[in-house]
Amino acid sequence: MEFTAQQIADYLKGVVEGDPNAKVSTFSKIEEGQPGSISFLSNSKYEQFIYQTKASIVLVNEDFTPSEKIAATLVRVPNAYAALAMLLAMVEQMKPKKTGIASTASIAASASLSDNCYVGDFAYIGENAKIGANCKLYPYAYIGDNVSIGDNTIIYPHACIYEGCVIGSECILHSGAVIGSDGFGFAPEGESYTKIPQLGNVIIEDNVEVGANTTIDRAVMGSTIIRKGVKLDNLIQIAHNVEIGENTVMAAQVGIAGSVKVGRHCMFGGQVGLAGHIQIADNVNFGAQAGVISSVKESTSLLGAPAINAKSFMRSSAVFNKLPDMYRTLGQLQREIEQLKKEINKQ
């Protein structure tokens, strides 16, 4: 499908600067833009590409001031990145929708499905499961006994939801996600370990996205809770009895140990690790590979392992490369001091 710059501006409530009849039918990165594509510029460090791009239309922020001539038609919007997301969502919604229930799907007689659900080939829905309206369960999705899923939720192929778990509305579970597997609970007994039964469940509230191959363990007792608006990347591990606060986001390979409480609007870079039984305040930011071993009681930014204040970590990092020279200087000073002591003692 094809759209003009003016149509796009009207949809985004933006302003056209250039040819309002410029047409596009696809998206592109600004450095790879080709005629007939639309791109965006939201970060000034990529500004150089807007003067070189061959994209027909570029979304820019309202306050963008070019320093050179730009061939592309601009559409000025309050937030170019958010505007791009709106356009991508619109195109996604216009794609043909999967419908119907495949004859090869396995659905328990006691399960209930609301209107307009799609259930793909070889998907499984267990006893007493409840599926909300307009849900999409792609092939090989597994929905265990007594699972509840809200409206408009998408479960992609090979995602697995264990028995008794609760998934809200408007959620997305990507391929290979596992919700409600046993937490890592074993009691030492002599030279072996006895498994501790994990009798709780997982509750995922509305508008949560869970990435591919991310795992969220069921609680020992009670619930592991993922609050509304949380976004989890691929390959994340959330242990038993954890609670993740509203609108917190985590990049790939984050690991959260058991019984951690994470506040609202926190941001986790890749490979961040949290030790068990700690609490994290609201609005805390963790840089990539931060290792957190104690509670964080106020909003801050942390880096390093063990994690410290981000500014302190950066100052310390500047010293790291100098440590070999500092060590040699220290050794030299120690030798000089010893020599001075010897000379003083001779007097």
Side-chain angles (χ1 to χ4, degrees), residues 85-181 200-219 223-236 238 242-244 246-250:
M86 289 178 61
L87 288 180
L88 290 169
M90 178 190 70
V91 172
E92 178 69 21
Q93 291 170 4
M94 296 176 74
K95 289 181 179 179
K97 299 296 187 296
K98 295 282 189 180
T99 59
I101 297 175
S103 61
T104 55
S106 177
I107 303 174
S110 58
S112 63
L113 278 71
S114 298
D115 295 339
N116 301 317
C117 285
Y118 162 69
V119 183
D121 287 308
F122 305 106
Y124 175 89
I125 301 176
E127 298 288 347
N128 300 308
K130 297 180 180 179
I131 313 299
N134 306 309
C135 286
K136 291 178 174 55
L137 278 58
Y138 281 80
Y140 296 99
Y142 175 90
I143 312 300
D145 297 345
N146 301 302
V147 167
S148 175
I149 299 177
D151 298 340
N152 303 303
T153 285
I154 300 172
I155 312 296
Y156 279 107
H158 297 286
C160 179
I161 305 172
Y162 281 41
E163 63 177 315
C165 292
V166 178
I167 312 296
S169 297
E170 310 285 347
C171 291
I172 300 174
L173 273 60
H174 287 281
S175 295
V178 178
I179 311 300
S181 52
N201 72 343
V202 173
I203 297 175
I204 295 179
E205 295 185 347
D206 297 345
N207 195 30
V208 170
E209 184 158 348
V210 179
N213 294 321
T214 283
T215 58
I216 304 174
D217 293 344
R218 69 194 309 109
S223 300
T224 300
I225 303 175
I226 312 298
R227 297 294 183 188
K228 66 181 181 180
V230 168
K231 310 301 180 188
L232 303 178
D233 198 359
N234 306 329
L235 295 167
I236 288 173
I238 307 294
V242 167
E243 181 176 341
I244 307 297
E246 294 178 12
N247 299 309
T248 285
V249 296
M250 297 183 182

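In what follows, residues are counted from 1 in the order of the sequence shown.
Val202 is not listed as a side-chain neighbour of Ile238, based on a closest heavy-atom distance of 4.5 Å or more. Side-chain atoms of Tyr138 and Pro157, non-hydrogen and from C-beta on, do get closer than 4.5 Å to each other. Between Asn207 and Lys231 the shortest side-chain heavy-atom distance falls below 4.5 Å. Side-chain contact between Ile179 and Val147 is absent, with no heavy-atom pair separated by less than 4.5 Å. Side-chain contact between Ile125 and Leu113: present, with at least one pair of heavy atoms (C-beta onward) separated by less than 4.5 Å. In this structure, Asn234 and Asn213 have side chains that are not in contact, with every pair of non-hydrogen atoms separated by 4.5 Å or more. In this structure the side chain of Asp233 never reaches within 4.5 angstrom of the side chain of Met250, judged on heavy atoms. Between Met90 and Met86, every side-chain heavy-atom pair lies at or beyond the 4.5 Å cut-off.
For Glu209, the salt bridge (Lys or Arg N to Asp or Glu O under 4.0 Å) test picks out no residue, with sequence neighbours left out. A search for salt bridge (Lys or Arg N to Asp or Glu O under 4.0 Å) contacts involving Glu170 returns nothing, not counting sequence neighbours. Considering only residues two or more places apart in sequence or on other chains, Lys97 meets the salt bridge (Lys or Arg N to Asp or Glu O under 4.0 Å) condition with none of them.
The two atoms that bring Ser223 and Ile203 nearest to each other are OG-CD1, 3.5 Å, heavy atoms only. Of all non-hydrogen atoms in Asn201 and Gly164, the two that sit nearest each other are ND2-O, 3.0 Å. Summarising the geometry of Gly132 relative to Ser114, their closest heavy-atom pair is C-CB, 3.5 Å, with the distance given to 0.1 Å. Considering all non-hydrogen atoms of both residues, Ala102 and Gly120 come closest at CB-C, 3.6 Å. Between Cys171 and Thr153, the shortest heavy-atom distance links the atoms N-OG1, 3.1 Å. Nearest heavy atoms, Tyr156 versus His174: CD1-ND1, 3.7 Å.
Separation of atoms CG (Leu173) and CD1 (Ile167) is listed at 5.5 Å; rounding is to 0.5 Å. Expressed to the nearest 0.5 Å, how far CD1 of Ile154 lies from SG of Cys135 amounts to 9.0 Å. Here the OH-CG distance, from Tyr162 to Asp217, works out to 9.5 Å after rounding to the nearest 0.5 Å. Atom CG of Asn128 is separated from atom OG of Ser112 by 8.5 Å, given to the nearest 0.5 angstrom. Put simply, NZ on Lys98 and CG on Leu137 are 13.5 Å apart, with the number rounded to the nearest 0.5 Å. Note that CD1 of Ile204 and CZ of Arg227 are 12.5 Å apart. Values are rounded to the nearest 0.5 Å.
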Please assess Ile244 against Val208 for the test side chain to side chain contact (heavy atoms under 4.5 Å, CB included), listing each intermediate value before the final yes or no. CA-CA 11 Å; Ile244 307 297; Val208 170; over 6 Å; no
Should Val119 and Ile131 be marked as a side chain to side chain contact (heavy atoms under 4.5 Å, CB included) after you check the CA-CA gap, both sets of side-chain angles, and the distance that decides it? CA-CA 10 Å; Val119 183; Ile131 313 299; over 6 Å; no
Side chain to side chain contact (heavy atoms under 4.5 Å, CB included) evaluation trace for Tyr142 with Ile155: CA-CA 9 Å; Tyr142 175 90; Ile155 312 296; over 6 Å; no
Quick one, Asn134 with Asp151, criterion side chain to side chain contact (heavy atoms under 4.5 Å, CB included). Give me CA distance, side-chain angles, the key distance, then yes/no. CA-CA 6 Å; Asn134 306 309; Asp151 298 340; 5.5 Å; no
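Taking the six-membered ring where the residue is Trp, Phe122 and Tyr140 present parallel rings, their angle staying beneath 30° rather than reaching 60°.
At most 12 heavy atoms of other shown residues, nucleotides or ligands fall within 6.0 angstrom of atom NZ in Lys130.
Side chain of Ser169 to backbone of Gly150: no donor-acceptor contact under 3.5 angstrom is found. The closest donor-acceptor contact from the side chain of Asp145 to the backbone of Glu163 lies at 3.5 Å or more, if one exists at all.
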